Peer 1: 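Shown below is the structure under consideration.
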Amino acid sequence: MLPVEELIHRIRAYQPTADAELIKRAYDYSFRMHAGQMRKSGDPYFIHPASVAGTIADLKLDTASVCAGLLHDVVEDTLATTKDIEREFGDEIAQLVDGVTKLSKINFTSKEDRQAENFRKMVVAMSRDIRVLLVKLCDRVDNMRTMEHMKPDAQERISRETMEIYAPLANRLGMANFKCELEDLAFRYLEPDGFIEVSEGIKKTKNQREKYITEVCKTLSSRLAEQGFAADVSGRAKHLYSVWRKMKQNECTVEQVHDIIAFRVIVESVSDCYASLGVIHSKWTPVPGRFKDYIALPKPNMYQSLHTTVIGPGRERVEVQIRTHEMHRVSERGIAAHWKYKERHSGGVSDDDAARFGWLKKLMEWQKDLKDPAEFLEGVKVDLFQDEVYVFTPKGDVRVFPRGATPIDFAYQIHSQLGDHITGARVNGKLESIRHKLRNGDVIEVVTSPSQQPSKDWLDYAATTSARAKIRVFLRAEHRERSFRLGKELVEREFHKASVSFSKLQKNENELRKVLEALKVSNIDELFISVGYGKIDPRDVLHTVAPPSEDGKAGEAPESIREGRLAGFVRKIVNGDDAGGIRLNGIDDVLVRYAKCCNPLPGDDILGFITRGRGITIHRRGCTKAFDTDPERRVEIQWDAKAKINRTVQLKVVTQNRVGILATVGSTFSAQGINITEANCRAGDDGRAVNIFTFMCSDLSQLKNVMRALQKVAGVVAVERA
């Protein structure tokens, strides 16, 4: 266990003015509150917060962060509250502890939702103070280091969360050491066989590798010294998970992985970086396409370095990273390297550095639009990974996107209105579609049209969570508008059939209020939308103003909202007794159209799909196009048993190509009382003929009868609906 004296000594080494008394009080308070609690290993629980505080001190963070590390589990695991922490240690430490505390008392619908909501809270908290995230990462690192005593299912779940969320976060914060350690620790439990394979493969070549590293470091150092550069040169094997990833990517063994060793050259200035690159390339042949300049174009996590891969001694591929001492400090500690100790609580980061972490603010912005925690979590996974492309606006500004991004992502990052109306983009002067994948160095100019609107397909092309969230917001608003129009039409039609004037109801405040209260909606718009969604039956709306009698007969609406006698007379003439053939949630006389792709018949299992301005489109349930429709716009419907309708149907009849077969088939139709309205017959070279017959059919049973009769005809090979 880390003693408090050792902890204070570590902090005083980099912050001599640190409040030792405050740290000791936090240490003692956490020790008292966790007294009697044990870890899975059987050790006292307090070992964990003490270790987390030590890790935070290694990052050289401020006193408040160290105290938050000591206290981060007190609110969750003991009887102490956030108010208690605030009273004992002040508002700053209490806010940090609250930001890190897991949401254990909220009852989420599933473990995934719970974890996603927990992460949302962290995003909200860290948008105010990034130290929350740094404490959380230190907590996760210590938990991963002591996972061997957990059950296998817990090990896998926590490791997956670490791999998908926390390692990428550490990477985005520029904390390379944390990122590599978290990946390797998670790798051990997610791919145990792969972990053993890579570990043993690396171990076998340890002596040979160390000899090679010594040789290359000596050669590089002497070569650079000859040219007058004071350089620190070191080499190491890449971390296990990165080697495993290369093995999977290239489908090879550990021995076949190239550039398994990375060398680091640290020099005095930026100009020395580029000059050293020239020296290295003059000594060893560079591998084409493997040079990256992160000094001129830093990564979003502030990482700067020159990367090159060369053919080194023994024809081995060797990766060399060249950077200054300051760049190396940032690459090792990330945002923690930019820490500023301030008198007042301000998150601890200078304004310039905070601006470079604008992606945190963006996470905060678009997470407000997302209601589904799992959707938020999925978006975070996509946005945090390091695969990025750098593109330019026409003015030369650099924009960063995840690999796989399209002009849609670019347009939405510029402005929502630009994204909503994009039709394509000029990429390096050439017109490309919205599906075009952006590449490094592309110059993008968005092309728009006022009539263009986002469609569901766009979700397949957008790679960034912010773009996808904005597309979903638009689609939901459009769906809401369509539901409003359909609901209004259904309600007005139901009222019209009962000779009740809905327009008069809207003007009668008392009657309208009764309707809204009875159906538990806040306003008339919500009423229409609920009916359009299928949540409220339009007949229920009518029954609130004209309740039916006990024997089920239609009720009478108040005189003030009834239609005039002339209006009722016109309604009967227009509607007659003709049934629409379809019932939606028990409602008949619905505005419908039948899909031509599958030609549904009475008796077919069917599915409805709300279409803009055209009521409901009817598909057979097995129709492939029905599966392509938006699930939110699908409605459950059924055939009206009273309906008498005839629908056009096509049958594809494959026959032998012989004399008289067509006449026999035609007489079979006639025997079933069916008149063929159109026939398309084509003979093939294989001795068969394909015949498409079009005719009117009343229901599915009539169609099945004629199909069975045709299948019995000699010379008929196959019969199916076209």
Side-chain angles (χ1 to χ4, degrees), residues 1-41 43-104 118 121-122 125-126 128-146 166 170 175 178 333 335-336 339 341-342 345 347-348:
M1 186 186 299
L2 179 67
V4 67
E5 295 79 11
E6 171 63 21
L7 181 61
I8 293 170
H9 176 72
R10 285 194 205 176
I11 299 165
R12 283 275 175 88
Y14 63 86
Q15 191 185 4
T17 59
D19 188 342
E21 183 57 34
L22 180 65
I23 296 166
K24 191 171 189 314
R25 280 200 296 119
Y27 189 97
D28 292 341
Y29 186 88
S30 180
F31 182 82
R32 275 198 324 274
M33 297 309 292
H34 288 297
Q37 295 179 351
M38 309 299 284
R39 303 199 80 187
K40 297 284 185 185
S41 61
D43 295 324
Y45 188 86
F46 179 69
I47 287 177
H48 169 61
S51 298
V52 171
T55 306
I56 293 169
D58 292 341
L59 287 177
K60 300 182 180 177
L61 299 187
D62 61 350
T63 304
S65 300
V66 176
C67 290
L70 287 166
L71 300 166
H72 77 276
D73 274 339
V74 166
V75 173
E76 182 189 357
D77 293 340
T78 76
L79 297 175
T81 65
T82 306
K83 287 290 182 188
D84 295 335
I85 302 295
E86 186 176 348
R87 190 169 53 251
E88 291 282 338
F89 302 100
D91 178 61
E92 180 181 4
I93 292 173
Q95 283 196 22
L96 292 176
V97 172
D98 182 58
V100 179
T101 300
K102 300 180 181 71
L103 303 186
S104 56
N118 190 27
K121 183 179 182 184
M122 187 167 65
M126 74 187 183
R128 296 194 301 267
D129 191 333
I130 204 168
R131 289 176 295 180
V132 169
L133 182 53
L134 296 174
V135 174
K136 185 70 178 175
L137 280 171
C138 292
D139 173 40
R140 180 50 60 114
V141 167
D142 189 69
N143 279 329
M144 290 300 296
R145 286 170 179 169
T146 54
Y166 291 100
M175 303 169 78
F178 270 22
R333 291 176 49 219
I335 193 171
W339 210 255
Y341 302 103
K342 300 182 180 181
H345 167 49

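On a predicted model such as this, the values are computed, not experimentally measured, just so you know. Residue indices begin at 1 and follow the sequence shown.
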Peer 1: How long is the straight-line distance from CD1 of I85 back to CG of L71, given to the nearest 0.5 Å?
Peer 2: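 Going from the CG atom of L71 to the CD1 atom of I85 covers 5.0 Å.
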Peer 1: Taking ring pair (Phe, Tyr, Trp, His ring centres under 6.0 Å) as the test, write out the residues that go with F46, two or more places apart.
Peer 2: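 With neighbours one apart ignored, the set is Y27, F31.
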Peer 1: Roughly how far, to the nearest 0.5 Å, is the CG atom of N143 from the CZ atom of R145?
Peer 2: 10.5 Å
Peer 1: Judged by atom type as modelled, is there a donor-acceptor pair below 3.5 Å linking the side chain of S51 to the main-chain atoms of I47?
Peer 2: yes
Peer 1: Between D77 and Q37, is there a side-chain heavy-atom distance shorter than 4.5 Å?
Peer 2: yes
Peer 1: Answer yes or no: is there an ion pair linking E92 with R131, defined by an N-O contact shorter than 4.0 Å?
Peer 2: yes
Peer 1: Which heavy atom in A50 sits nearest to a heavy atom in M1, and how many Å separate them?
Peer 2: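 So the two residues come closest at CB-CG, 4.5 Å.
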Peer 1: With rounding to the nearest 0.5 angstrom, report the OG1 to CG distance, T17 to D62.
Peer 2: 10.5 Å
Peer 1: Nearest 0.5 Å, what's the CD1-CD distance between I8 and E21?
Peer 2: 8.5 Å
Peer 1: Within this structure, what is the CG-CD distance for the pair L61 and Q15, rounded to the nearest 0.5 Å?
Peer 2: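 Here the rounded value is 10.0 Å.
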Peer 1: Is there a side-chain contact between C67 and I23 in this structure, where contact means two heavy atoms from C-beta onward sitting under 4.5 Å apart?
Peer 2: yes
Peer 1: For residues E6 and H9, is any side-chain donor paired with an opposing acceptor at under 3.5 Å?
Peer 2: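 E6 vs H9: no donor-acceptor pair found between side chains.
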Peer 1: Tell me whether Q95 contacts the main-chain N or O of V132 through its side chain, where contact means a donor paired with an acceptor under 3.5 Å.
Peer 2: no
Peer 1: Apply side-chain contact (heavy atoms from CB on, under 4.5 Å) to residues V97 and V75 and explain how you reach the verdict.
Peer 2: CA-CA 8 Å; V97 172; V75 173; 4.1 Å; yes
Peer 1: Consider side chain to side chain contact (heavy atoms under 4.5 Å, CB included). Of D139, L137, V135, which one does I56 pass it with?
Peer 2: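 Of D139, L137, V135, side chain to side chain contact (heavy atoms under 4.5 Å, CB included) with I56 is met by V135 alone.
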Peer 1: With sequence neighbours left out, what residues match D58 under salt bridge (charged side-chain N to carboxylate O under 4.0 Å, His left out)?
Peer 2: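 Only R10 meet the salt bridge (charged side-chain N to carboxylate O under 4.0 Å, His left out) criterion with D58.
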Peer 1: Closest heavy-atom contact between T55 and C138?
Peer 2: CG2-SG, 3.8 Å
Peer 1: For the residue pair I93 and L22, establish whether any side-chain heavy-atom pair is separated by less than 4.5 Å.
Peer 2: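 The answer is yes, as the side chains (C-beta and beyond) meet within the 4.5 Å cut-off.
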Peer 1: Are the side chains of K60 and Y14 in touch, meaning some heavy atoms are under 4.5 Å apart?
Peer 2: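 Of all side-chain heavy-atom pairs linking Y14 with K60, at least one is under 4.5 Å.
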Peer 1: For V74, does its backbone N or O pair with a side-chain atom of T78 as donor and acceptor, under 3.5 Å?
Peer 2: yes
Peer 1: Which heavy atom in F178 sits nearest to a heavy atom in A170, and how many Å separate them?
Peer 2: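 Smallest interatomic distance, heavy atoms only, reads CB-CB, 4.0 Å.
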Peer 1: So, taking the atom named CZ in R12 and the one named OG1 in T63, what distance separates them when rounded to the nearest 0.5 Å?
Peer 2: 8.5 Å
Peer 1: State, yes or no, whether a side-chain contact exists between H34 and P49 at a heavy-atom distance under 4.5 Å.
Peer 2: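 Result yes, sub-4.5 Å side-chain heavy-atom pair found.
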Peer 1: Would you sort out whether R32 and D28 count as a salt bridge (Lys or Arg N to Asp or Glu O under 4.0 Å), showing the intermediate values?
Peer 2: CA-CA 6 Å; R32 275 198 324 274; D28 292 341; 5.9 Å; no
Peer 1: Between Y29 (side chain only) and E88 (backbone N and O only), is there a donor and an acceptor less than 3.5 Å apart?
Peer 2: no
Peer 1: Could you pull out the closest heavy-atom pair between A57 and L7, with the gap in Å?
Peer 2: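 Minimum heavy-atom separation between A57 and L7: CB-CD1, 4.1 Å.
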Peer 1: Between D142 and H48, is there a side-chain donor-acceptor contact under 3.5 Å, judged purely by atom types and distance?
Peer 2: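 Yes - a donor-acceptor pair under 3.5 Å links their side chains.
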Peer 1: For D98 and T82, work out which heavy atoms get closest and say how close.
Peer 2: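 Nearest heavy atoms, D98 then T82: OD1-OG1, 3.9 Å.
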Peer 1: Give the intermediate values and the outcome of side-chain contact (heavy atoms from CB on, under 4.5 Å) for residues Y166 and R140.
Peer 2: CA-CA 8 Å; Y166 291 100; R140 180 50 60 114; 3.6 Å; yes
Peer 1: In sequence, state the C-alpha distance, the side-chain angles, and the governing distance for M175 and L134, and then conclude on side-chain contact (heavy atoms from CB on, under 4.5 Å).
Peer 2: CA-CA 10 Å; M175 303 169 78; L134 296 174; 3.6 Å; yes
Peer 1: Mind listing the closest non-hydrogen atom pair of A64 and L96 along with its distance?
Peer 2: O-CD1, 3.7 Å
